Number of protein chains: 2
Amino acid sequence: MNHFGSAVEYGLHCLLYLARQDQGPAIGTRDLAEFQGLSADYVAKLFTRLEKAGLVRATEGVRGGFHLAREAERITVLDVADALEGRKPLFECREIRGNCILFDDRKPRWASQGVCGIHAVMLRAEAEMRRSLGDHTLAQLAGHVETVLPQGHRKNTGKWFQGRLEGRGRRGARGTTKT
Amino acid sequence: MNHFGSAVEYGLHCLLYLARQDQGPAIGTRDLAEFQGLSADYVAKLFTRLEKAGLVRATEGVRGGFHLAREAERITVLDVADALEGRKPLFECREIRGNCILFDDRKPRWASQGVCGIHAVMLRAEAEMRRSLGDHTLAQLAGHVETVLPQGHRKNTGKWFQGRLEGRGRRGARGTTKT
DNA sequence: CATAACTCCGACTAATTACGTCGGAGTTTA
DNA sequence: TAAACTCCGACGTAATTAGTCGGAGTTATG
C-alpha cells in the first residue's frame, strides 16, 4: 500500500480551501466534504486529528467550523501528513544482525552497536523525503491552485460556501441530505 | 505499515553475503536463511524475484545457489527495493479535483489537466527518496560492514558457508533439519 | 425554552495488503 | 536411481486502512 493514504490527500485538499478563505467565516466539515464528494463522517474524523495536532482551530455551534490555527505560510505538507497518519517511518529495522547463527546463545556487543548499515541508508532516504515535504507550505500550494484555476471558479466556490453557511440553522433547510 | 517491508530488509542482508564472497562458490538460499535465522521458504521466494529482476543469477543442482549478476558496485539499494516490492509510489492521487460539486455532470478540461498540485509535491518527495537510495550500492554497504565487524567473525562466516557447501549431496547429511 | 444544527470522540466493521507456508515440477550430483 | 537442490505459483493468516455509527456537549433559531 502507499505510504501516504487517503487521509493525507483528503486533509490537504480540505486545508487548501481553508487557506484560500481564511479571513472569512469558519467552514464546516460537512460542507467541505460535500463540495468535494467525500464522506462527511470521514472528513470530520480527520479534522479532529488536525485539531489535536494544533493545525486548525474549531468554533462550535450552528455557525461553527474550522479555521487554520496559524498562517498558511507556516503549515507544511509534512505537518499535515504527520498530524493525520502519525509520523511513521519508511522502514523498521528488525535487527537481523543479532540473529546470526554463530552467536548461539548470547550475542556479542558489537552485533547490536550503533545503527545497522541498512537501517542507516533507509533513515537517510527518509530524511530526504521529509525535508522535501517540509519545504512546501499550504500557502504555496494554494497560490499554485489560484494560478491554475479560472477566476470564475474561485468566485463560484466562495458563493457556494457562503450560501451553505447562510442556510444553516434554518429549520428544515437540510432535511434529508444524507448520502 | 512501513513502506519498505521485511522483504527488502531480508533481501539486502542476504545480498550482502553474496557481495562479500562473490568470487567463491554459489550460496544457497537455505544456508543464507539458516545463518540469519530467517524462514528458508520465504528467502527462496525473495530470490526468485531478485533473479527475475536480473540482480542475481542461479546455478541449479546439488551444489547450486546464487551469485550476483553484476558487480556489487553496480547494484543499488533502490534496485533491490524495486525488485522485491515492485516500484510502488509513495502516494496515489485519486483526482479529488474532478469531484467538485460545481461541475455536476461533466467536468471542465482544466479540472484534470496536468498534475494535481498535491500530487506534484508528493512526486518530488518520492524522487528525493529514490535518489538517495540510488546513491548507495551493495559494495558500499558491504565495505561498511567489514569495517565494523571483527576480523575473526568474517573468517568464521566463510568457514560456516564452506562447511555447509561440502556437506551437501552426502546422503542423509541434512536429514530432518526442517525448522 | 425547546429544537435542530453543529462540533467532538471513541468504538465498530469491511476490505485490502503484507508476511509467511505449502506442495509440486524440473535439474544435477553421489 | 535417489536425494538434494532450485524454481514457481497458490494458499492462509494477521495486521492495517478506510469508512461508518452512535452518543455527548454547544450554539443559534423559532
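Numbers restart at 1 for each chain; the letters A, B, ... are given by sequence-line order, proteins then strands. This structure is a prediction, so every number in the text was calculated from the model and none was measured.
- Atom-to-atom, CG of Leu38(B) to C1' of dT21(C) comes out at 15 Å; the value is rounded to the nearest Å.
- Nearer to the 5' terminus of DNA chain D, by closest-nucleotide assignment, is the contact made by Arg57(B) (compared with the other of Arg57(B) and Ala40(A)).
- Tyr42(A) places its OH atom 16 Å from the C1' atom of dC9(C), with the value rounded to the nearest Å.
- Heavy-atom minimum distance, Leu46(A) versus Leu84(A): O-CD2, 3.6 Å.
- For Arg30(B), the listed nucleotide lying nearest its side chain is dC5(D); candidates were dC7(D), dC5(D), dC21(D).
- In this entry the distance linking CG of Asn2(A) with P of dT16(D) reads 17 Å, nearest Å.
- The CD atom of Glu51(A) sits 6 Å away from the P atom of dC9(C) (whole-angstrom rounding).
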Output a table of donor-acceptor pairs, distance under 3.5 Å, between side-chain atoms of residues 141-153 of chain B and any protein atom two or more places apart or on a different chain; print 'none' if there are none.
residue, atom, partner, partner atom, Å
Glu146(B), OE1, Arg154(B), NH1, 3.3
Glu146(B), OE2, Arg20(B), NE, 2.7
Thr147(B), OG1, His144(B), O, 2.7

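- Look at CG on Leu32(A): it is 13 Å from C1' on dT7(C), rounded to the nearest Å.
- Among dA18(D), dT20(D), dT21(C), the nucleotide with an atom closest to any side-chain atom of Glu85(A) is dA18(D).
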Every protein N/O within reach of nucleotides 9-13 of chain D N/O, cut-off under 3.5 Å:
residue, atom, partner, partner atom, Å
dA10(D), N6, Lys45(B), NZ, 3.4

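- With Asp31(A) contributing its side chain and Arg164(A) its backbone, the two residues share no donor-acceptor pair below 3.5 Å.
- Rounded to whole Å, the distance from CZ on Phe91(B) to C1' on dT17(D) is 15 Å.
- Screening residues 36-58 of chain B for ring-ring contact (aromatic ring centres under 6.0 Å, His included) gives Tyr10(B)-Tyr42(B), Phe47(B)-Phe66(B) as the qualifying pairs, with residues at least two apart or on separate chains.
- Applying the side chain to side chain donor-acceptor pair (under 3.5 Å) definition to pairs two or more places apart or across chains, none involves residues 133-142 of chain B.
- Between Tyr10(B) and dG20(C) there is a side-chain polar atom (N or O) within less than 4.0 angstrom of OP1 or OP2.
- Thr59(B) has no side-chain polar atom (N or O) that falls below the 4.0 Å cut-off from OP1 or OP2 of dT6(D).
- Checked against salt bridge (charged side-chain N to carboxylate O under 4.0 Å, His left out), Glu95(A) has the following partners two or more places apart in sequence or in another chain: Arg97(A).
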For nucleotides 24-26 of chain D, print each protein N/O atom paired with a nucleotide N/O atom at under 3.5 Å, atom names and distance only.
residue, atom, partner, partner atom, Å
dT26(D), O4', Glu60(A), OE1, 3.1

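- OP1 or OP2 of dT21(C) has at least one side-chain nitrogen or oxygen of Ser39(B) nearer than 4.0 Å.
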What pairs of donor and acceptor atoms, side-chain ones from residues 51-62 of chain A against any protein atom, are under 3.5 angstrom apart with sequence neighbours left out?
residue, atom, partner, partner atom, Å
Arg57(A), NH2, Ala69(A), O, 3.1
Thr59(A), OG1, Gly65(A), N, 3.4

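- For Arg49(A), there are no salt bridge (charged side-chain N to carboxylate O under 4.0 Å, His left out) partners two or more places apart in sequence or in a different chain.
- Contact check on Asp79(A) versus Arg74(A) returns no salt bridge, with no Lys/Arg side-chain nitrogen under 4.0 Å from an Asp/Glu carboxylate oxygen.
- Within 4.0 Å of Phe66(B), counting heavy atoms only, lie sugar-phosphate atoms of the nucleic acid but no base atom.
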Tabulate below the donor-acceptor pairs under 3.5 Å that side-chain atoms of residues 117-129 of chain B make, not counting sequence neighbours, or state none.
residue, atom, partner, partner atom, Å
Glu126(B), OE1, Leu90(B), N, 3.2
Glu128(B), OE1, Arg131(B), NH2, 3.0

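- Computed from coordinates, the Asp41(A) CG to dG19(D) P distance equals 11 Å when rounded to whole Å.
- Rounded to a whole Å, the CG atom of Asp31(A) is 7 Å from the P atom of dC6(C).
- Distance from the side chain of Ser6(B) is smallest to dG20(C) among dG20(C), dC8(C), dC21(D).
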